[in-house]
S.K.: 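Before we start, here is the structure in question, set down as structure tokens.
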There are 2 protein chains.
Amino acid sequence: MKLLDSSYDVQQKILVAVDCIIFGFDSNNLKLLLFKRKVAPLKGQWSLVGAFVKNDLSINDAAKQILFESTGLKDIFLEELKTYGDLNRDPGERVISIGHYSLIGINDFDIEQVKEFDAEWFNINEIPELILDHRNMVEDAIIELRNKVRHQPIGFKLLPKYFTLPDLQTLYECIYQRPLDSRNFRKKFLSLNILIKTDKKDRTSSKKGAFLYRFDKEKFDDLIAKGYNFEI
Amino acid sequence: MKLLDSSYDVQQKILVAVDCIIFGFDSNNLKLLLFKRKVAPLKGQWSLVGAFVKNDLSINDAAKQILFESTGLKDIFLEELKTYGDLNRDPGERVISIGHYSLIGINDFDIEQVKEFDAEWFNINEIPELILDHRNMVEDAIIELRNKVRHQPIGFKLLPKYFTLPDLQTLYECIYQRPLDSRNFRKKFLSLNILIKTDKKDRTSSKKGAFLYRFDKEKFDDLIAKGYNFEI
DNA sequence: ACAAAAGTGTTCCGTGTACACCCATGA
DNA sequence: TCATGGGTGTACACGGAACACTTTTGT
């Protein structure tokens, strides 16, 4: 319902879009989800997943919906990155785009399924040329992602329920794109007390086998609530 | 110039606005700039400085221009906060707002001048009721501001050319809204090597007088470039 | 002489970081 | 037996945090 005196007197011709920078972790690599653009101009080129915002959805919900419709990925938690609002960033019309990013565990989803949508996972070091300012968005998002994981021990949603410490370390190494010292890494992570060790081992990647752990969700939530600062 | 195939087929009715969260430091207090809303609905109530984005300006330039037109404040560096895009945040129409914030030295500007624009500086602890989600924006901006100054020793633009260490400390105490230990503060700040001590004293606030310092712009820039982490 | 703000050093503790060897096992 | 990845401990350096007294000077 509109209020009586509700109509603003504005001659605005700005379209609002969202673009999604979706990182995926597949046990060994950090990947980025790209998409073959379906509309002119620039049709057929690689781009981020994005579209115009629908009138009846909040920006964040719109981003989720667009991601779902474009790739089949559902229930992805998206975080706002920032707004890209330069005048001529889109050769078509005046379009501003609100970047959103996320990091997901690729294996939780059907990795082939996205191909039906003309989407594809690219290794983070092998990203093709992207349209418009999308490459900027990706670079900004990587920086944000690193900042984020520095302040919140992630992992829950990126690793299977049971995982090994080497797995966890690989995850962080992928995000930071540099090797970490395993002794320090283990010491630090175990000191957080959010891991529960099981007596089972995973022997798929070594003969000795590595112990499986799982997250202690309660303690994890406590830690987040207290705003713990997780420097690696 | 538009490309031939440039018009997107979109029925979008979303207006794009910016709101500015302007913090000001006046040697003793952190203040917030507010503005009496001039358009219906909610006309006459206190709000942030904001308006719709013009078609021919980038978002950031639009924010600057709006700030200038609404308050007379010119050449203010604005930083994007985030987008407020919920469906019914504005009772008028569907409006999304991209929050921008800044921290300025109030004394560098004419403090009375803003009043001619129906704007006013409020002490950060005495903020009146604000329209829409503006209170949220302010809270988000304070958190951002604290995060920002934690990573970048500010001061340059907020203090006069010559200032005392107690002045500088007051600035940080205002931002963090808590007292700091003067011994630790001085030690930390001086160790950055970005201050140049003069042999003059300021005696306006004590009989003994406090030495005046100025910033060493070059070293300061070096420090920023290296991404120094300034925890207080 | 005293009030009021400026200025100064030390100690302790926690945490980041560097670093090298033994263990368990399947092949 | 050997190759492979898993797992462990120590020593040092640095920075944050707590803490109390002296100095200067106008009144």
Side-chain angles (χ1 to χ4, degrees), chain A residues 27-29 146-147 149-151 153 159 162-176 178-214 223 226-232, chain B residues 27-28 146-147 149-153 159 162-176 178-214 223 226-232:
Chain A
S27 328
N28 274 305
N29 290 293
R146 286 185 188 148
N147 272 332
V149 301
R150 186 184 308 280
H151 296 283
L159 293 172
Y162 295 94
F163 54 87
T164 68
L165 280 172
D167 287 344
L168 192 57
Q169 184 173 339
T170 302
L171 168 60
Y172 276 87
E173 288 177 330
C174 283
I175 295 173
Y176 288 121
R178 67 180 164 91
L180 300 173
D181 181 283
S182 69
R183 287 160 294 189
N184 293 337
F185 180 84
R186 301 169 78 93
K187 202 192 322 168
K188 180 74 191 261
F189 222 107
L190 289 173
S191 75
L192 297 180
N193 277 321
I194 55 174
L195 297 185
I196 298 169
K197 189 176 184 174
T198 71
D199 54 2
K200 283 170 193 140
K201 282 194 165 188
D202 168 76
R203 294 188 199 275
T204 58
S205 61
S206 84
K207 303 168 177 174
K208 180 178 180 181
F211 280 103
L212 288 164
Y213 289 77
R214 62 189 178 87
L223 205 65
K226 284 183 204 140
Y228 184 78
N229 199 324
F230 183 73
E231 306 262 356
I232 277 282
Chain B
S27 330
N28 274 303
R146 286 185 187 148
N147 272 332
V149 301
R150 186 185 308 280
H151 296 282
Q152 295 191 4
L159 292 172
Y162 295 95
F163 53 87
T164 67
L165 280 173
D167 287 345
L168 192 57
Q169 184 174 339
T170 302
L171 168 61
Y172 276 86
E173 288 178 330
C174 282
I175 294 172
Y176 287 122
R178 67 180 164 91
L180 300 172
D181 181 281
S182 67
R183 289 160 292 189
N184 292 337
F185 180 84
R186 300 169 78 95
K187 201 191 323 166
K188 180 73 190 260
F189 222 106
L190 289 172
S191 75
L192 298 180
N193 279 319
I194 54 174
L195 296 185
I196 297 168
K197 189 176 184 174
T198 70
D199 54 2
K200 284 171 191 138
K201 282 193 165 190
D202 168 75
R203 292 188 200 277
T204 58
S205 62
S206 84
K207 302 169 177 175
K208 182 178 179 181
F211 280 103
L212 286 164
Y213 289 77
R214 64 189 177 85
L223 204 66
K226 282 185 207 138
Y228 185 77
N229 200 325
F230 183 74
E231 306 262 356
I232 279 281

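Throughout, a chain's letter reflects where its sequence line sits, starting with A, and its residues are numbered from 1. Just the heavy atoms: all of them, side chains too, but no hydrogens, waters or symmetry mates, feed the values below.
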S.K.: Rounded to the nearest Å, what distance is computed from the CZ atom of residue F185(B) to the C1' atom of nucleotide dG7(C)?
M.R.: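 Rounded to whole Å, this separation is 14 Å.
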S.K.: Run the side chain to side chain contact (heavy atoms under 4.5 Å, CB included) check on D167(B) and Y162(B) step by step: do they pass?
M.R.: CA-CA 10 Å; D167(B) 287 345; Y162(B) 295 95; over 6 Å; no
S.K.: With rounding to the nearest 0.5 angstrom, report the CZ to OG distance, R186(A) to S191(A).
M.R.: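 Those atoms lie 13.0 Å apart.
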S.K.: How close or far is atom P of dC19(C) from atom CG of L180(A), stated in whole angstroms?
M.R.: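 Atom CG in L180(A) sits about 15 Å away from atom P in dC19(C).
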S.K.: With the side chain counted from C-beta on, respond yes when F185(B) and L168(B) share a heavy-atom pair under 4.5 Å apart, and no when they do not.
M.R.: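 SC-SC contact between F185(B) and L168(B) confirmed.
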S.K.: In this structure, are over 12 heavy atoms from other groups packed under 6.0 Å from K200(A) atom NZ?
M.R.: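 No.
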S.K.: Excluding sequence neighbours, so at least two apart, what forms side chain to side chain donor-acceptor pair (under 3.5 Å) with N193(A)?
M.R.: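 Listed in chain order: nothing, the list is empty.
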S.K.: Counting primed atoms plus P, OP1 and OP2 as sugar-phosphate and everything else as base, spell out the protein contacts along nucleotides 10-19 of chain D at 4.0 Å heavy-atom distance: B, S or - for each nucleotide, 5' to 3'.
M.R.: B-----SBBB
S.K.: Let me know the distance between CG of L190(A) and C1' of dG9(D), rounded to the nearest Å.
M.R.: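 Roughly 14 Å, once rounded to whole Å.
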S.K.: Of all of residues 198-210 of chain B, which get a heavy atom below 4.0 angstrom from DNA chain C, listed by number?
M.R.: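 S205(B), S206(B), K208(B), G209(B), A210(B), in order of number.
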S.K.: Tell me: CZ of R186(A) to P of dA20(C), nearest whole Å?
M.R.: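 Rounding to the nearest Å, CZ of R186(A) and P of dA20(C) are 18 Å apart.
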S.K.: Could you pull out the closest heavy-atom pair between R146(B) and I175(B), with the gap in Å?
M.R.: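 Heavy atoms of R146(B) and I175(B) come nearest at NE-O, 2.7 Å.
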S.K.: Y213(B) versus L159(B): any side-chain heavy-atom pair under 4.5 Å?
M.R.: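 They are not in side-chain contact.
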S.K.: Nearest whole Å is fine: how far is dG7(D) C1' from K197(A) NZ?
M.R.: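 Distance check: K197(A) NZ to dG7(D) C1' gives 9 Å.
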S.K.: L195(A) and F163(A): which non-hydrogen atoms are nearest, and at how many Å?
M.R.: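 Nearest pair, atom of L195(A) first, then F163(A): CD2-CZ, 3.8 Å.
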S.K.: Pull out every residue in residues 168-175 of chain B that has a heavy atom closer than 4.0 Å to any atom of DNA chain C, ordered by number, or say none.
M.R.: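 Residues of residues 168-175 of chain B under 4.0 Å from DNA chain C: none.
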S.K.: Could I get the full list of salt bridge (Lys or Arg N to Asp or Glu O under 4.0 Å) partners for D181(B), not counting sequence neighbours?
M.R.: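 Once residues adjacent in sequence are excluded, the partners of D181(B) under the salt bridge (Lys or Arg N to Asp or Glu O under 4.0 Å) criterion are R183(B).
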S.K.: Applying side chain to side chain donor-acceptor pair (under 3.5 Å), can you list everything that pairs with N147(A), at least two apart in sequence or on another chain?
M.R.: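 With sequence neighbours excluded, N147(A) shows a side chain to side chain donor-acceptor pair (under 3.5 Å) to no residue whatsoever.
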S.K.: Got a second to check how far L171(B)'s CG is from Y176(B)'s OH, nearest 0.5 Å?
M.R.: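 Result: 10.0 Å between the selected atoms.
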